[in-house]
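Sequence lines set the chain letters: A, B, ... in the order given, protein chains first and strands last, and positions in each chain run from 1.
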Number of protein chains: 2
Amino acid sequence: MKEDSNTAPASGIRGSNQSGMRAYNERLVLSLIRQNGALPKAEIARISGLSAQTVSVIMRALEADGFLEKGEPIRGKVGQPSVPMNLAKGGAFFFGLKVGRRSLEMILINFLGTVIGRVHLTHPYPTPDGVVRFTNDSIGQLLDQLTPEERKRVAGLGIAIPFRLWDWSVALGLEQTDMEAWRERDIRAEIAQNWNFPIYLQNDASAACGAELVFGKGETPRDFLYFYIGFFVGGGVVLNRSLFTGRSGNAGALGSIPIGVTGKKARLLVDVASLATLETAIIATGGDANILWEPPKSWSVPADILRDWVDDASSGLAFAIAAAASVMDCEYAMIDGWLPEEVRAELVRQTEQKLTDLEIAGIEKPPVLEGTIGTSARALGAASLPLSDRFLVDQNALLKA
Amino acid sequence: MKEDSNTAPASGIRGSNQSGMRAYNERLVLSLIRQNGALPKAEIARISGLSAQTVSVIMRALEADGFLEKGEPIRGKVGQPSVPMNLAKGGAFFFGLKVGRRSLEMILINFLGTVIGRVHLTHPYPTPDGVVRFTNDSIGQLLDQLTPEERKRVAGLGIAIPFRLWDWSVALGLEQTDMEAWRERDIRAEIAQNWNFPIYLQNDASAACGAELVFGKGETPRDFLYFYIGFFVGGGVVLNRSLFTGRSGNAGALGSIPIGVTGKKARLLVDVASLATLETAIIATGGDANILWEPPKSWSVPADILRDWVDDASSGLAFAIAAAASVMDCEYAMIDGWLPEEVRAELVRQTEQKLTDLEIAGIEKPPVLEGTIGTSARALGAASLPLSDRFLVDQNALLKA
DNA sequence: AATAAATAAATCACTCTTATTTATTATTGA
DNA sequence: TCAATAATAAATAAGAGTGATTTATTTATT
C-alpha cells in the first residue's frame with residue numbers, strides 16, 4: 001500500500017500572504033475554543049494578541065458560516081455582559097475508519113467530536129477489497145442519517161490502519177499471499193474515487209495519538225510521547241501541540257525502539273509490549289486468545305500470564321520512554337490501548353515505577369500518564385485527521401495555498 | 001546557571017498580522033539565498049510562490065538596507081539578463097563564544113558566515129568570572145576591527161556551553177565547589193549588561209548542530225539527527241529545517257540515550273562515546289591525556305586505545321541512532337566532533353556498519369554521514385544563534401511581535 | 001518576433017487604531 | 001433606600017495603513 005499517499009505535498013518553503021494569514025487566525029480562534037471551551041470574543045482577543053476588532057470580524061464570519069454559535073450572556077461582572085461563543089455542533093462532520101486485527105469500525109462525528117453514528121464489522125483478517133467495500137457501504141449508511149444540508153458539511157474521511165500490513169502474515173498465521181495484496185493496493189485512492197471529500201490515511205497508533213491531542217480531556221501539553229498498545233504497539237510524537245509524522249509519515253514508530261541487543265539482533269519494544277505477544281503466551285498454554293479481540297471489558301486472561309506480560313511490557317516501555325525523552329525532551333509520556341482500564345492503570349503504574357528506578361543522568365524523566373480516550377482512540381483519531389487538517393492551527397496554514 | 005534563560009518567551013499561541021507576514025517573507029528570501037547561493041528575483045518568486053512584484057519589492061528593500069547585493073548579470077539565455085542577488089557580506093555581524101573543557105574561543109563572523117576575527121584563551125577549567133571577563137575583553141578587541149558603520153550592524157552574541165557544568169567536577173578531578181559557582185550564576189545576564197545586542201545561550205552540542213544547519217555544505221535535509229563528540233557527547237535534532245530544542249531547551253540530549261541496562265543502572269551513550277572516556281583510558285595506561293585538547297590534527301593517541309574507543313563508541317552510536325530514528329524518522333544521522341578527520345571518518349564508517357548489521361524491523365535506518373564543519377562547529381554554531389533568530393525562516397516569525 | 005526579467009500603478013484583502021455604542025455594576029448623595 | 005452618576009468592559013463601526021496581487025509596461029536579450 002502506498003503509505004506515502006497521505007503525506008502532504010512535499011513542496012519547498014512557501015511564502016505567506018493575506019489569505020494565509022486570515023486562514024491561520026480563523027483556525028487559531030477555533031483551536032482556542034476547542035481547547036478551552038466557550039469563550040467571549042474579548043477573551044479570544046486577549047489570548048491571541050489580536051485586536052478586539054479583528055477578532056470580532058473573524059468570529060462574526062465564523063458564526064455566519066455556521067461554525068460558531070452564541071451562548072447565554074454572562075452577567076454579574078462590571079461592564080457589558082460577555083457572550084461566550086462555542087463551536088456549533090453542526091459546523092462540520094467527519095468520518096473515521098479504523099482497520100483492526102479482527103474488525104473494521106466506521107464512525108461519524110460532529111464538529112464537537114461527538115460520535116453520532118457507528119458501523120462495525122468483524123472479519124477474520126483485513127483485506128483491501130473488504131475494507132474498500134465496507135468503507136463505501138458504511139459511509140452510505142451514515143450519510144443517510146444526515147440532512148441534505150448537513151451532508152454538504154462533511155469535511156473528510158480519516159483512515160487509521162497499521163502500516164506494513166504484509167509483515168503481519170507470520171504473526172497472524174496466514175499465508176504470505178493474503179497480506180501481499182496490501183503491498184500494491186492504494187485503498188485511499190480507490191475510496192477517493194467514490195467521494196468528493198478529502199481522505200487521509202495514517203498509521204493507527206499515530207491516529208490514536210491525534211485523538212488524544214484533539215479530543216483529550218484536560219489541558220493538552222505542548223510536547224508529549226504517546227504509546228498505543230494494540231495488536232502491535234506504536235505511537236505518536238507531539239511537538240508544539242501538533243502531531244509530528246516526519247518526512248515519510250512514519251515518525252513515532254515507537255514499536256521499533258530497540259530495548260536491548262542480543263548478538264546482532266535488537267530486541268524491540270514491539271516484541272514485549274504488544275497484544276500479539278500476549279496472544280502468543282495465551283495460545284502457548286492452550287488458552288483461547290480470541291478473548292483479546294472482544295471489547296476489553298470482558299477479557300478473562302489467566303492472571304499469571306497477564307502479570308508476566310505487564311511486567312515485561314512495562315520494562316520495555318520504561319526503557320523506550322527514557323530513550324525517546326533524550327531525543328525530544330517531552331513533558332510527559334502517555335499510554336493507552338485496546339486494554340481493560342485496570343490493566344492500563346497497572347501498566348502505567350509499573351512503567352512509571354521502572355522509569356523512576358532507572359538511573360539516567362542528564363534528562364528529566366517524564367511522568368507517565370494514562371490515555372484519556374481509551375479503546376476507541378484509533379477511530380476517533382482517524383476522524384480527527386480531516387478535522388485537524390481543515391480547522392486547527394497548523395504552521396502550514398499561514399503559507400500560500 | 002539559569003539555562004532556561006535562553007528559551008524564547010513561552011507565550012501561548014499568538015495571532016498573525018501583516019508585519020509578521022512581511023517579516024516572514026523577508027526571512028524566506030534570505031534563507032533561500034543562503035541555501036542556494038545567489039538567485040535572481042524571478043527565481044525566488046518561482047520557488048517561494050510569491051508574485052514577482054512582491055519579491056521585487058522585498059528584495060529591493062533588502063538591497064537598500066544592505067543585506068543583499070547585485071551580482072553580474074547573466075546573459076546567454078532568451079530574455080532580459082537575470083541579475084543574481086547575493087547576501088552582502090557586511091549585512092550583519094555576529095559573535096560566537098565557545099566555552100570548552102580547556103579553552104575559550106570567541107569568533108566574529110560576517111553575514112556570509114566567514115570568520116573575520118578570532119580570540120582564543122586556554123584555561124585549566126572554566127569559571128563564570130573567567131568567562132565573563134574573556135567575553136567582554138574579546139568582544140571589545142574584535143569590535144575594534146570593525147568600522148563605526150559596521151559596529152552598528154552587530155546583531156548579537158551566541159554562547160555555546162555544556163549544560164550542567166556542575167556535574168563535571170568529578171570527571172574533571174576538580175573540587176565540587178569550583179563548579180558549583182555555575183549553578184547560581186547567569187552569565188548571559190551578566191554579559192548582557194555590557195552590550196546592547198541580544199545574547200543567546202545554548203548547549204554546545206546543539207549549537208554545533210545549528211552550525212551544520214546554517215553553514216553546512218551541500219543540501220541540508222529537512223530532518224536529521226546530529227552528534228557532536230566533545231569532552232561529552234551531545235547532539236541536536238533538526239525538524240523541518242530548524243533546530244528543535246524543546247520546551248526546556250534540552251531536546252537532543254543525545255548523550256543520555258540509554259544503550260543498555262545493567263541491573264537498574266542504564267548505560268548511556270555518553271559513557272562510551274565521549275572524549276572523557278578516551279581520556280580516562282589514556283590516563284589508565286600512564287599516557288598524557290592533554291594531547292586530546294590540542295587541535296586534533298596533532299593528536300598522538302596510542303593506536304590500540306583509540307581502536308578500542310572507536311569500537312565502543314560506534315556501537316553505542318549505532319544503537320542510539322536506531323532508537324532516535326524510531327522516534328523521529330530522520331533522513332540521516334551526522335557525526336562530528338573535536339576529532340582528527342581520519343578518526344571521524346573511521347567512527348562514521350564503523351557506526352554505519354554496525355547500524356546496518358543491527359536487525360530492526362519497522363524503520364528505515366538512516367545513512368550516517370560525517371559533519372561538514374568539523375572542530376569549529378561549536379563556535380560557529382554559537383554565532384549562528386543570533387543569525388537564525390533574526391534572519392532565517394522560523395515559524396514564529398509569522399506571528400505578532 | 002518571441003521570451004523572460006524587472007517594475008510601476010492600481011486594486012484588493014486584511015489587521016490596526018480610534019471613536020462610539022451598549023449593557024452592566026459600583027458609588028454617591030439626598 | 002433609591003435614583004442619579006461614574007466606571008468598566010464588551011462589542012462594533014469607520015477609516016487608516018500595510019502588504020500581496022493583478023494587470024500592464026518597459027527593457028534586454030536570443
**Message:** Consider side-chain contact (heavy atoms from CB on, under 4.5 Å). Of B:Leu143, B:Leu157, B:Val154, which one does B:Trp195 pass it with?
**Reply:**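 Of the listed residues B:Leu143, B:Leu157, B:Val154, the side-chain contact (heavy atoms from CB on, under 4.5 Å) partner of B:Trp195 is B:Leu143.
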**Prompt:** Only one of A:Asn25, A:Ile44, A:Leu28 forms a side-chain contact (heavy atoms from CB on, under 4.5 Å) with A:Val55, so which one is it?
**Reply:**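 That would be A:Ile44; it is the only one of A:Asn25, A:Ile44, A:Leu28 passing the side-chain contact (heavy atoms from CB on, under 4.5 Å) with A:Val55.
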Figure out the [atom1]/[atom2] separation between [X] and [N], and round it to whole Å.
| X | N | atom1 | atom2 | result |
| --- | --- | --- | --- | --- |
| B:Leu28 | D:dA20 | CG | P | 11 Å |
| B:Tyr24 | C:dC14 | OH | P | 19 Å |
| A:Leu50 | C:dC16 | CG | C1' | 10 Å |
| A:Gln18 | D:dG17 | CD | C1' | 12 Å |

**Asked** Below 4.0 angstrom, N of the basic side chain to O of the carboxylate: do B:Arg46 and B:Glu43 qualify?
**Response**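 Judged by the 4.0 Å cut-off on N to carboxylate O distance, B:Arg46 and B:Glu43 do form a salt bridge.
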**Asked** Are any of the side-chain nitrogens in B:Arg153 or B:Glu150 under 4.0 Å away from the carboxylate oxygens of its partner?
**Response**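 Looking at B:Arg153 and B:Glu150, the cut-off is not met.
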Does [X] place a side-chain N or O at less than 4.0 Å from the phosphate oxygens OP1/OP2 of [N]?
| X | N | result |
| --- | --- | --- |
| B:Thr54 | D:dT21 | yes |
| B:Asn25 | D:dG19 | no |
| B:Arg22 | D:dT18 | no |
| B:Asn17 | D:dT18 | no |

**Message:** Is the shortest side-chain heavy-atom distance between B:Ile159 and B:Tyr200 below 4.5 Å?
**Reply:**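 No - every pair of side-chain heavy atoms lies 4.5 Å or more apart.
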**Asked** How about A:Ser384 and A:Phe94: do any of their side-chain heavy atoms sit closer than 4.5 Å?
**Response**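 No, too far: nothing below the 4.5 Å cut-off.
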**Asked** Which letter, B, S or -, goes with each nucleotide of nucleotides 4-13 of chain D from 5' to 3', with contact meaning a protein heavy atom under 4.0 Å?
**Response** ----BBBSBB
**Prompt:** Relative to the ring of B:Tyr226, is the ring of B:Phe224 parallel (under 30°), tilted (30 to 60°) or perpendicular (over 60°)?
**Reply:**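 Rings of B:Phe224 and B:Tyr226: perpendicular, as their planes differ by over 60°.
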**Request:** Specify whether A:Phe67 and A:Phe111 have parallel, tilted or perpendicular ring planes, treating 30° as the upper limit for parallel and 60° as the lower limit for perpendicular.
**Result:**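 A:Phe67 and A:Phe111: tilted rings.
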**Each stem that DNA chain D is part of, given as range with range (3 or more consecutive Watson-Crick or G-U pairs, under 3.5 Å)** =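 Ordered by first number, the stems with DNA chain D (at least 3 consecutive pairs each) read C:1-30 with D:1-30.
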**Prompt:** Which is true for B:Gly15 with a 4.0 Å heavy-atom rule: it touches a base, it touches only sugar-phosphate, or it touches nothing?
**Reply:**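 Result for B:Gly15 = nothing.
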**Asked** Contact class for A:Ile74 vs. all strands (heavy atom < 4.0 Å): base, sugar-phosphate, or nothing?
**Response**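 Counting heavy atoms under 4.0 Å across all strands, no contact is made by A:Ile74.
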**Asked** Can you name the nearest heavy-atom pair linking B:Met59 to B:Leu39, along with the distance?
**Response**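 For B:Met59 and B:Leu39, the tightest heavy-atom pair comes out as CE-O, 4.3 Å.
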